[in-house]
Asker: 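Let me begin by handing over the structure; questions about it come next.
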Amino acid sequence: MTLPHLIQDTPLKAVELCALCKQPSKHRCGGCETVTYCSGEHQKEHWIQHRDTCKAYKILTNDKIGRYGVAMRTLEPGECILTEFPVVIGPKPHTYVMCLGCYASIDGSTLCSSCGWPVCGPGCEAAPCHANAECPVFKNARVRFQSVENCMDACPQLNCVTPLRLLLAKESNPERWESEVRIMQNHNEERRKTPLWENNQINIVEYLRGACKLADRFDEELIHTACGILEINCFEVHCSNGSTVQGLYPQTAIMSHSCVPNTSHCIVTSEENRLFLRTTVKIEKGSEIYTTYTHTLSPTFLRRSFLKKYKFFDCSCPRCSDPTELGTHMSTMKCHKCDLGLILSSDPLDPLAQWKCTHCEFSTPGSAIERVFSVIQDELDQLECVLLGEEAVEKREALWRKYRSVLHPKHAFLMTLRFSLSQLYGHAEGYLLDDLPDILLERKIEICKDILSVADVIEPGLSRLRGMTLYELHAPLLLFARSQWRYKEIDDRQLRVRLEEAEKYLKEAVDILKFEHSSSPEGKIAVASEESLQQLRESIASLPMT
């Protein structure tokens, strides 16, 4: 954490004393605005004492949501609110077979020479996350990994690894456990009533206490608590090898959920999985800081269902409370009875409420809408297996055509398809940018602008969704404009206007993505885009003035 700047507090509300020399002072710490200094020199001297408590937010508590964070001062877009290392990283529940050192997907044929659990080889066998955690436990208890028929199927044997790592972290770092982890929500009482509790009892609690011989170290309630803390609070960590694991970040987990977040986080795997939480919009002093636990490109019904099932709360944020989802209509369906009306929930906070047409008398129960959404979601999930090539594009376009007469044009499912297509057009084999005909360049432009119209509402400001979409938009605009100019469909003046539009989008993309870490795909795009932006500006400058 770097030394914050000093700000002038004018006028002083009272005589305040320098945190170091206790003399009257006028300058407030720009990081937290909670302490003052008489000079920059005294701030530097005091920094070693102050840096651990210098935060842009404070933690409050209420009976409804527990702990939450509010801004200690006005936060500008792009500010880093906090950065933290995880308490633990490890496989997600019901994951496929993966290396316990680097988390790469493997077939399970290569096993650790010490404990007999899956690794890539000697390098991963020696990785501290494995060698200093579950490896000696498994070795001493003589529990071996049982091979699986299909390495891509869910592997229940790995369910115990991350909870075990958290329990071992409790022993190795009791201070952090007491100050940050123990007080995290686990919802044991609610979880006790779910099938997942019994699953954990068999695959984790009894396995660790029985087969792994840890009954003397960890009681049943503590193991269930560790499972609950992970299930409720973990964030996804995307590894450079393409795998996804889970990480526990206690400070970030304090922030409240909203389906319209005002922050964005990135996890840098090359820096020991360090998390950076930044603002995406301006947050006024005293305002709540929000992250999101769901995918923003999901309809209200599915978002709230996920939060209720896995996070044990009912979201009533402004977006969830509005039948039109803040005017985006991301849950709205078209009426098939009158062809003119829109079908909206009469109460989006009640999953059983009637859905009614805005134009005719048609209505249908929420349960019917749930079935429709489940069918479409299943079809979307199946597409995730088709990641690259012509088939990836064609299957998504086919699904978009199938449901465009059923769903509102900006429905979340159609927006999800659009976002995938915005990434595929120009990059997928058979649809590379330089090979796209004008009609597909126009298609990509239309797709990106549709995404932006929604992103401006649900992920406003410096969000990754907006940054990547703006980046994907600028290139087809350039190519289409030059194609039209080449065929005399537009003149020099119109070409300049089109290129300036592309420049505007590219500049904003750079301004957003520059906050991503330089090692991430988005960060690398930002670096490359700086040069592209300069070249584009030179091209515009070379055009004849009209």
Side-chain angles (χ1 to χ4, degrees), residues 1-4 29 31-32 34 47-61 66-73 75 78-90 92 103 128-129 132-133 162-163 165-170 172-186 226 229-240 244-258 261-280 283 288-293 311 462 464 515-520 522-523:
M1 183 177 179
T2 57
L3 184 72
C29 172
C32 62
T34 60
W47 179 239
I48 193 170
Q49 302 174 50
H50 178 56
R51 63 184 175 186
D52 289 338
T53 58
C54 182
K55 295 180 178 179
Y57 65 96
K58 63 181 176 180
I59 301 169
L60 300 179
T61 305
R67 297 184 301 157
Y68 61 101
V70 299
M72 288 282 287
R73 55 182 173 80
L75 303 174
E79 279 201 55
C80 185
I81 300 174
L82 66 86
T83 177
E84 64 174 325
F85 294 98
V87 175
V88 67
I89 291 280
K92 297 164 62 177
Y103 312 116
C129 64
N132 299 339
T162 309
R165 289 182 179 182
L166 180 56
L167 293 166
L168 296 174
K170 174 184 181 295
S172 63
N173 191 348
E175 295 83 5
R176 192 172 188 190
W177 173 273
E178 286 299 318
S179 63
E180 297 186 57
V181 182
R182 183 183 60 80
I183 54 180
M184 300 181 80
Q185 291 183 336
N186 55 65
I229 288 173
L230 292 170
E231 290 163 11
I232 305 302
N233 299 284
C234 269
F235 291 86
E236 283 192 342
V237 179
H238 297 279
C239 305
S240 57
T244 302
V245 293
Q246 59 180 338
L248 185 63
Y249 297 87
Q251 294 302 310
T252 307
I254 289 172
M255 306 307 164
S256 299
H257 163 82
S258 173
N262 54 19
T263 65
S264 174
H265 73 268
C266 68
I267 297 173
V268 184
T269 54
S270 61
E271 293 188 13
E272 300 179 44
N273 297 300
R274 189 178 188 181
L275 181 147
F276 295 83
L277 182 70
R278 295 186 181 276
T279 58
T280 52
I283 303 176
E288 202 163 345
I289 298 170
Y290 293 108
T291 183
T292 186
Y293 306 153
K311 305 297 181 180
L462 307 180
R464 195 174 293 113
F515 291 106
E516 300 292 331
H517 194 272
S518 58
S519 66
S520 69
E522 296 86 0

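Predicted model only: the values in this text are computed from it and were never measured.
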Asker: Could you tell me if the side chain of Tyr293 sits less than 4.5 Å from the side chain of Cys234, heavy atoms only?
Answerer: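 The answer is no, as the side chains (C-beta and beyond) never meet within the 4.5 Å cut-off.
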Asker: Leu275 versus Thr83: any side-chain heavy-atom pair under 4.5 Å?
Answerer: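 No, side chains not in contact.
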Asker: Kindly give the heavy-atom pair with the smallest separation between Gly66 and Gln185, and that separation in Å.
Answerer: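 Looking at all heavy atoms of both residues, the shortest contact is CA-NE2, 4.4 Å.
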Asker: From Glu180 CD over to Ile229 CD1, what is the distance, rounded to the nearest 0.5 angstrom?
Answerer: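 With rounding to 0.5 Å, CD (Glu180) is 12.0 Å from CD1 (Ile229).
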Asker: As a quick check of understanding, evaluate ring pair (Phe, Tyr, Trp, His ring centres under 6.0 Å) for His265 and Phe235, giving each step before the final call.
Answerer: CA-CA 10 Å; His265 73 268; Phe235 291 86; 5.1 Å; yes
Asker: Could you check if a side-chain atom of Lys55 sits within less than 4.5 angstrom of a side-chain atom of Leu82, using non-hydrogen atoms only?
Answerer: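 No, side chains not in contact.
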Asker: Determine the minimum heavy-atom distance between Ala133 and Arg165, stating which atoms define it.
Answerer: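 In this case the closest contact between Ala133 and Arg165 is CB-CG, 4.0 Å.
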Asker: Under 3.5 Å, is there a donor-acceptor pair between the side chain of Thr280 and the main chain of Ser264?
Answerer: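 Looks like no, no N/O pair under 3.5 Å.
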Asker: For residues Glu271 and Phe85, report the shortest heavy-atom separation together with the two atoms involved.
Answerer: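 Scanning both residues completely, I find the closest heavy atoms to be O-CE2, 3.3 Å.
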Asker: Write down the atom of Arg176, the atom of Pro86, and the distance for their closest heavy-atom approach.
Answerer: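 Reported closest heavy-atom pair: NH1-O, 3.4 Å.
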Asker: What I'd like to find out is whether the side chain of Ile232 reaches to under 4.5 Å of the side chain of Asn186, using heavy atoms alone.
Answerer: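 No; the side chains remain at least 4.5 Å from each other.
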Asker: For Glu79, which residues count as a salt bridge (charged side-chain N to carboxylate O under 4.0 Å, His left out) partner, sequence neighbours excluded?
Answerer: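 With sequence neighbours excluded, Glu79 shows a salt bridge (charged side-chain N to carboxylate O under 4.0 Å, His left out) to Arg73, given in chain and number order.
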Asker: Ignoring hydrogens and geometry, is there a side-chain-to-backbone donor-acceptor pair from Glu84 to Thr252 under 3.5 Å?
Answerer: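 Yes.
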Asker: Is the shortest heavy-atom distance from the side chain of Ile283 to the side chain of Tyr290 under 4.5 Å?
Answerer: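 No - every pair of side-chain heavy atoms lies 4.5 Å or more apart.
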Asker: Side chains of Arg278 and Thr263: any donor to acceptor distance under 3.5 Å?
Answerer: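 Result is no, nothing qualifies.
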Asker: Might you point out which heavy atoms bring Met184 and Ala253 nearest each other, and give the distance in Å?
Answerer: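 Taking Met184 first and Ala253 second, the nearest heavy atoms are CE-CB, 3.7 Å.
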Asker: Restricting to side-chain hydrogen bond (donor to acceptor under 3.5 Å, both in side chains), what partner residues turn up for Tyr68, sequence neighbours left out?
Answerer: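 Checked Tyr68 against side-chain hydrogen bond (donor to acceptor under 3.5 Å, both in side chains); zero matches.
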Asker: For the residue pair Thr279 and Ile289, establish whether any side-chain heavy-atom pair is separated by less than 4.5 Å.
Answerer: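 Contact flag for Thr279/Ile289 side chains = no.
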Asker: Side chains of Tyr249 and Val88: does their closest heavy-atom pair fall under 4.5 Å?
Answerer: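 A side-chain contact under 4.5 Å is absent here.
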Asker: So, are Glu236 and Lys92 salt-bridged, with charged N and O less than 4.0 Å apart?
Answerer: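 A salt bridge links Glu236 with Lys92.
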Asker: Counting C-beta onward and ignoring hydrogens, is there a side-chain heavy-atom pair between Gln251 and Ile254 closer than 4.5 Å?
Answerer: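 Contact flag for Gln251/Ile254 side chains = yes.
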Asker: Salt bridge or not between Arg67 and Glu288? Use side-chain N to carboxylate O under 4.0 Å.
Answerer: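 No, this pair does not count.
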Asker: What are the two closest non-hydrogen atoms of Leu167 and Ala226, and how far apart are they?
Answerer: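 Closest approach of Leu167 to Ala226, heavy atoms only: CD2-CB, 3.9 Å.
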Asker: Please check: side-chain N/O of Ser520 versus main-chain N/O of Glu516, any donor-acceptor pairing under 3.5 Å?
Answerer: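 Here the side-chain-to-backbone pair does not exist.
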Asker: Can you name the side-chain contact (heavy atoms from CB on, under 4.5 Å) partners of Ser519, sequence neighbours left out?
Answerer: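 With sequence neighbours excluded, Ser519 shows a side-chain contact (heavy atoms from CB on, under 4.5 Å) to Val268, Ser270, His517, given in chain and number order.
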